[in-house]
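Along the sequence shown, the residues carry numbers beginning at 1. Please read all numbers here as calculations on a predicted model, not as lab measurements.
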Amino acid sequence: MRLVTGGALGTASTFRLRIAVLAALATVAAAMPLAAAPQDFPAESPRAATPVGPKPPPLIAAPTSPDDEATGELITPFQMLDRFVLPGTRQRLSWRPPDGIGRGELPSPITVLHGAKPGPVLCLIAGIHGDELNGIEVARRMGDEVDATRLNGTLVVAPIVNVFGFTRNNRYLPDRRDLNRHFPGTRSGSIASRLAHGFFNDIVRRCDALVDFHTGSFQRSNLPQIRADLTNPEVLEFTRGFGNTLVLHSPGTRGMLRLAAVGTGIPAVTFEVGAPHFLEEEHIAPAADAIRALMHRMDMLESEAHAGQDADATPIYQDSSWVRTNAGGFLFGEVQLGQTVKPGQSLGYVVDPITSRRSEILAPFPGRILGMSLNQQVLPGYAAFHIGKLSSEQQAVVDAAEALARRQPEAEDMDEDPSERPDAESGSEEEREE
């Protein structure tokens, strides 16, 4: 049949035909089963919710040996900064201060060496003062040379904590605060306090023992030495591992990293190495040897190079004093670091550059030069020579026991931000250097 396409008749017939076709299709669709919509049956089965943070790798067994078979120990990956370091490997991580502090600065490098066998976590911290280069080099050197496959335990190396100061060759933070007077820090305090809080919680709390590297400050140089609170038995025992490096009793000043660490149960010491602003191999090399000896004593290294070092031979200085100038002018030293001096011996002199008047500086008691000022212009009362008074480990143990019996709980809150306390006026002269 041919449809008429013109006029009213053609239009009405076409409309009725369309209605009839649509009705027939509706009837057929109603008689057929309901078709499945694609969205009703997803192509993939539902997945479990993604956990927060990275998924840890599986447990890895330590290298097999007769001893390992007896213990059956498994070495787990070491977690730090949301990363997992596998046993027997080295990883370089990055740490940034919280709250966007230092967004334009380089991150602080963190090297983690996780050993193939179980052991303690030793942390080497340096660069809290940005101009103290010797300690940075000692920490860097140890992080690069240790073989993780022959390591027992974990070595964490943070060579440059204060990147702000390091990039400017400056001791302080941008706000002129001393970072080593604000540990363990606070979450909502000053820049220094927030930075200290972040680093302390992200890095320091993972340590079983800690060495904080420093140098002399304000144009002073220090003989390589361990500074520690010898009234703490755990700290005293920790100091016995540094070979023949001398140990100086120093209670420390509130806000120092080593005090905050000890307050949380982590044995910690300060390792003074030379002068700021310079790299001095004559001090760097023995300091690195001392860390190797420490790692051997902690059973982290199996090298025989330091097996013969006698911890009982460690020189301990229970007390020390600074000898100050009595006149202003140019300071010239006549002794060397590490030199033994007698009462009345000349340590150096100060000469007035205008009148040429010379003022001698004499040793008031016998001892050893632990630190001294570099030749420079000084004012009256300037701390020029640091003399240590030799003691013995036996006496140090007795003093530690007596001090522990007298110790009272500290009234001060370690979390308080000491932002109103002038850093330069706190503590003794040697404590201001740390």
Side-chain angles (χ1 to χ4, degrees), residues 52-54 56 77-86 89-114 120-133 135-144 146 148 153-175 177-214 255-258 260-261 264 266 268 270-271 415 417:
V52 178
F78 182 78
Q79 183 179 9
M80 177 170 280
L81 301 176
D82 293 329
R83 299 285 294 276
F84 289 90
V85 185
L86 298 178
T89 66
R90 174 204 317 263
Q91 265 198 57
R92 298 190 185 278
L93 312 179
S94 296
W95 178 81
R96 287 188 177 276
D99 304 324
I101 300 173
R103 186 176 292 110
E105 299 286 339
L106 295 173
S108 295
I110 308 292
T111 300
V112 178
L113 297 98
H114 189 34
V121 179
L122 173 64
C123 292
L124 305 181
I125 311 296
I128 287 181
H129 295 139
D131 61 349
E132 298 181 347
L133 308 184
I136 294 175
E137 173 58 17
V138 175
R140 182 208 65 80
R141 193 171 294 187
M142 297 307 302
D144 278 358
V146 172
T154 305
L155 179 65
V156 177
V157 181
I160 310 173
V161 178
N162 180 7
V163 175
F164 300 93
F166 175 75
T167 56
R168 297 164 178 80
N169 197 23
N170 191 285
R171 175 182 178 89
Y172 299 107
L173 293 171
D175 61 355
R177 282 186 169 89
D178 187 335
L179 178 58
N180 207 31
R181 296 298 181 272
H182 291 81
F183 286 100
T186 58
R187 186 173 298 172
S188 58
S190 63
I191 292 176
S193 188
R194 294 180 185 216
L195 196 154
H197 180 269
F199 185 80
F200 195 85
N201 285 278
D202 291 343
I203 307 296
V204 176
R205 288 188 183 275
R206 299 303 316 277
C207 308
D208 293 328
L210 183 145
V211 180
D212 181 20
F213 290 96
H214 287 270
M256 287 181 176
L257 173 59
R258 65 176 169 97
T264 60
I266 303 171
T270 298
F271 200 153
D415 287 332
D417 180 13

Can you find a heavy atom in the side chain of [X] that is under 4.5 Å from one in the side chain of [Y]?
{"X": "P109", "Y": "I160", "answer": "yes"}
{"X": "V85", "Y": "M80", "answer": "no"}
{"X": "V204", "Y": "L210", "answer": "yes"}

Distance from [X] atom [atom1] to [Y] atom [atom2], nearest 0.5 Å?
{"X": "R205", "Y": "F200", "atom1": "CZ", "atom2": "CZ", "answer": "5.0 Å"}
{"X": "I203", "Y": "I125", "atom1": "CD1", "atom2": "CD1", "answer": "7.5 Å"}
{"X": "T111", "Y": "R90", "atom1": "OG1", "atom2": "CZ", "answer": "7.0 Å"}
{"X": "L81", "Y": "Q91", "atom1": "CG", "atom2": "CD", "answer": "10.5 Å"}
{"X": "L155", "Y": "C123", "atom1": "CG", "atom2": "SG", "answer": "8.0 Å"}
{"X": "R181", "Y": "S193", "atom1": "CZ", "atom2": "OG", "answer": "14.5 Å"}

(message) Does V112 form a side chain to side chain contact (heavy atoms under 4.5 Å, CB included) with L93? I'd like the steps, not just the answer.
(response) CA-CA 8 Å; V112 178; L93 312 179; 4.0 Å; yes

Closest approach of [X] and [Y], non-hydrogen atoms and distance?
{"X": "P98", "Y": "R194", "value": "CG-O, 3.6 Å"}
{"X": "H197", "Y": "N201", "value": "O-ND2, 2.7 Å"}
{"X": "N180", "Y": "L257", "value": "OD1-N, 2.9 Å"}
{"X": "A148", "Y": "T89", "value": "CB-O, 3.5 Å"}

(message) Once side-chain hydrogen bond (donor to acceptor under 3.5 Å, both in side chains) is applied, do any residues pair with R141, and if so which ones, sequence neighbours excluded?
(response)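 So R141 forms a side-chain hydrogen bond (donor to acceptor under 3.5 Å, both in side chains) with E137, E281.
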
(request) Quick one: list whatever passes side-chain hydrogen bond (donor to acceptor under 3.5 Å, both in side chains) with D208, sequence neighbours left out. (result) none

Partners of [X] by side chain to side chain contact (heavy atoms under 4.5 Å, CB included), sequence neighbours excluded?
{"X": "A209", "answer": "L122, F238, M298"}
{"X": "T167", "answer": "E105, V163"}
{"X": "P174", "answer": "F164"}

(message) Check this for me, if you would: do D212 and R258 make a salt bridge, where the nitrogen-to-carboxylate-oxygen distance has to be below 4.0 angstrom?
(response) no

(request) Indicate yes or no: does R96 engage D202 in a salt bridge with an N to O separation below 4.0 Å. (result)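 The answer is no: the pair does not qualify as a salt bridge.
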
(message) Below 30° counts as parallel, above 60° as perpendicular, anything between as tilted: where do the rings of F213 and F271 land?
(response)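 Rings of F213 and F271: parallel, under 30°.
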
(request) Kindly check if the number of other-residue, nucleotide or ligand heavy atoms within 6.0 Å of CZ (R187) is above 12? (result)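 No.
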
(request) Using side chain to side chain contact (heavy atoms under 4.5 Å, CB included) as the criterion, point out the one residue from L106, I136, V161 that pairs with F166. (result)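 Only one of L106, I136, V161 forms a side chain to side chain contact (heavy atoms under 4.5 Å, CB included) with F166, namely I136.
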
(request) Go through L124 and V211 one step at a time and tell me if the side chain to side chain contact (heavy atoms under 4.5 Å, CB included) criterion holds. (result) CA-CA 5 Å; L124 305 181; V211 180; 4.0 Å; yes

(request) Check the side chains of H129 and D178 for a donor-acceptor pair under 3.5 angstrom, ignoring hydrogens and angles. (result) yes

(request) Output all residues satisfying ring-ring contact (aromatic ring centres under 6.0 Å, His included) with F78, sequence neighbours left out; order by chain, then residue number. (result) H114

(message) With side chain to side chain contact (heavy atoms under 4.5 Å, CB included) as the criterion, how do H214 and I128 come out once you've worked through the C-alpha distance, each side chain's angles and the decisive distance to 0.1 Å?
(response) CA-CA 8 Å; H214 287 270; I128 287 181; 4.2 Å; yes

